[in-house]
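Position 1 is the first residue of the sequence; numbering continues from there. Whatever order the structure lists them in is the order used to number ligands and atoms, beginning at 1.
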Amino acid sequence: MSKAPKSTAFPHRHLLGIEGLSPDEISLLLDRSEKYVEQNRKADKKQATLRGRTIINLFFEPSTRTQTSFELAGKRLGADVINMSVATSSVRKGETLIDTAMTLNAMHPDVLAVRHPDSGAIKLLSDKVNCAVINGGDGTHEHPTQALLDALTIRRRKGRLEGLLVAICGDVLHSRVARSNIHLLNTMGARVRVIAPRTLVPSSIERLGVEVFHDMRAGLQDCDIVMMLRLQSERMQGNFFPSVREYFHFFGLDYEKLAAAKPDALIMHPGPMNRGVEIDSLVADDFGRSVIREQVEIGVAVRMAVLEILSANIPPPADRNL
Ligand code: ASP
């Protein structure tokens, strides 16, 4: 067993998911992120909090926002950041996930930020290394930093999370973003609806404490937040809907459907967006209501806070045992 983490406010070595975090722990991460939103708007964005620390980004799936923002976050805190390109690594030669992780671990990184196509793979990896591990998205399971950045975006705009009515719409079945958001929003006292075709909702989703709708206008009624999800075709085997055109007709967010939500409802999307599939371009680019760009900005701040808090819990390599 590794030594116990130092922080009592956030007594975790890893951030593998939102499930199981307490409201206080989530608030701590959000409050710490606020500070970095302000810092990132200054000319000098750099500080030395993580000087001497090493962060490795290990992404087994494509990523634009998450990987770049982990890299920027680490660099802005003064850490050394390495991006491991799986396409040119020994993974291509058949090395297993665990062997890759153990090889990297032997080089004494302090944090591994990992994305993997299989749900649960990152938890498995975290049991084999003695540094901190951050889940950057595992299969259809969790994407905790996305949920944190979504929550902070909402909290900054609406002043709170508690009592808000949030609709998560689209391909819920394949979405780790939806799962992490459901856990976080429920933990923080928001009410969550999911709106999706019957084929794109997991059968037991109600057990997570959400209301399920299959009609956009009914589900969006009086919502404060409209969170759209990408149709994740790369995870689909077989046909889940008749055609993209029909999907957009029933489930794509346009002004007509949006009219059911509150007039000041925020529009969110984790990216990458499929314009004209799950969201109409006019709505996505309506910067009075769409906070999609703000989500990306706040993502860097959230990852800085997570890196700072987890790094404080990691002893020097000589004192780690595994
Ligand atoms: N970027 C998010 C994720 O990695 C959402 C998506 O890909 O649709 O889960």
Side-chain angles (χ1 to χ4, degrees), residues 15-19 57-73 83 86 112-123 125 133-154 166-185 194-197 200-202 205 208 225-237 240-241 244 247-248 251-253 267-281 283-284 290-300 302-303 306:
L15 179 66
L16 300 176
I18 298 293
E19 190 178 8
N57 274 335
L58 180 58
F59 276 60
F60 293 88
E61 266 189 358
S63 170
T64 308
R65 278 151 289 272
T66 309
Q67 184 169 343
T68 313
S69 71
F70 269 117
E71 183 177 357
L72 271 179
N83 285 311
V86 170
L112 288 178
V114 191
R115 171 170 288 186
H116 198 277
D118 297 336
S119 304
I122 299 174
K123 161 81 178 89
L125 179 151
V133 176
I134 303 173
N135 181 355
D138 65 324
T140 60
H141 177 226
E142 280 234 35
H143 191 350
T145 55
Q146 178 72 45
L148 289 165
L149 75 87
D150 290 340
L152 188 56
T153 307
I154 297 171
V166 182
I168 303 180
C169 318
D171 185 0
V172 180
L173 183 66
H174 300 104
S175 179
R176 52 199 176 206
V177 173
R179 265 168 205 74
S180 289
N181 265 300
I182 291 169
H183 289 307
L184 190 150
L185 292 164
V194 300
I195 313 175
L200 289 175
V201 203
I205 190 94
L208 296 184
I225 309 292
V226 183
M227 197 180 276
M228 300 308 297
L229 300 172
R230 182 173 65 89
L231 204 52
Q232 303 206 8
S233 314
E234 78 277 16
R235 296 191 203 283
M236 295 180 190
Q237 278 155 4
F240 286 77
F241 49 89
V244 165
Y247 183 84
F248 181 76
F251 293 97
L253 187 68
I267 300 155
M268 305 181 76
H269 193 302
M273 270 188 284
N274 288 318
R275 290 171 181 266
V277 178
E278 68 264 357
I279 190 163
D280 183 65
S281 263
V283 176
S290 162
V291 291
I292 296 170
R293 290 192 306 198
E294 219 165 293
Q295 288 173 267
V296 178
E297 178 194 3
I298 288 173
V300 180
V302 161
R303 286 162 185 132
V306 170

- [ ] Apply salt bridge (charged side-chain N to carboxylate O under 4.0 Å, His left out) to Glu61 and list each qualifying residue two or more places apart in sequence or on a separate chain.
- [x] Arg176, Arg235
Task: Student check: side-chain heavy atoms of Arg230 and Pro270 closer than 4.5 Å - done: no
- [ ] Give, for atom CG of Leu173 and atom CZ of Arg179, the distance between the pair rounded to the nearest 0.5 Å.
- [x] 7.0 Å
TODO: For Arg115 and ligand 1, answer yes if some heavy atom of the residue is under 4.0 Å from a ligand atom, otherwise no.
DONE: yes
- [ ] Could you tell me whether Arg115 sits above the aromatic face of Phe59, with NZ or CZ closer than 6.0 angstrom to the six-membered ring centre and within 45 degrees of the axis?
- [x] no
Open item on the list: List the residues meeting salt bridge (charged side-chain N to carboxylate O under 4.0 Å, His left out) with Arg275, not counting sequence neighbours, and say none if there are none.
Closed with: Asp285
- [ ] Enumerate the atoms of ligand 1 whose separation from the nearest heavy atom of Val177 is less than 4.0 angstrom.
- [x] 2 (C), 5 (C), 9 (O)
Task: Nitrogen or oxygen atoms of Arg176 and ligand 1 under 3.5 Å apart - done: yes
Open item on the list: How far is atom 7 (O) of ligand 1 from the closest protein heavy atom, and which atom is that?
Closed with: Arg230 NH2, 3.0 Å
Open item on the list: I'd like to check which ligand 1 atoms, numbered from 1 as shown, lie under 4.0 Å from a non-hydrogen atom of Gln232.
Closed with: 6 (C), 8 (O)
Task: Distance filter under 4.0 Å to His143 heavy atoms, resulting ligand 1 atoms - done: 3 (C), 4 (O), 9 (O)
TODO: Looking only at non-hydrogen atoms, find the nearest pair between Ala196 and Gly170 and report the distance.
DONE: CB-O, 3.0 Å
Task: Of the listed options Ser180, Gly271, Pro270, Ser175, closest to atom 1 (N) of ligand 1 (non-hydrogen atoms) - done: Gly271
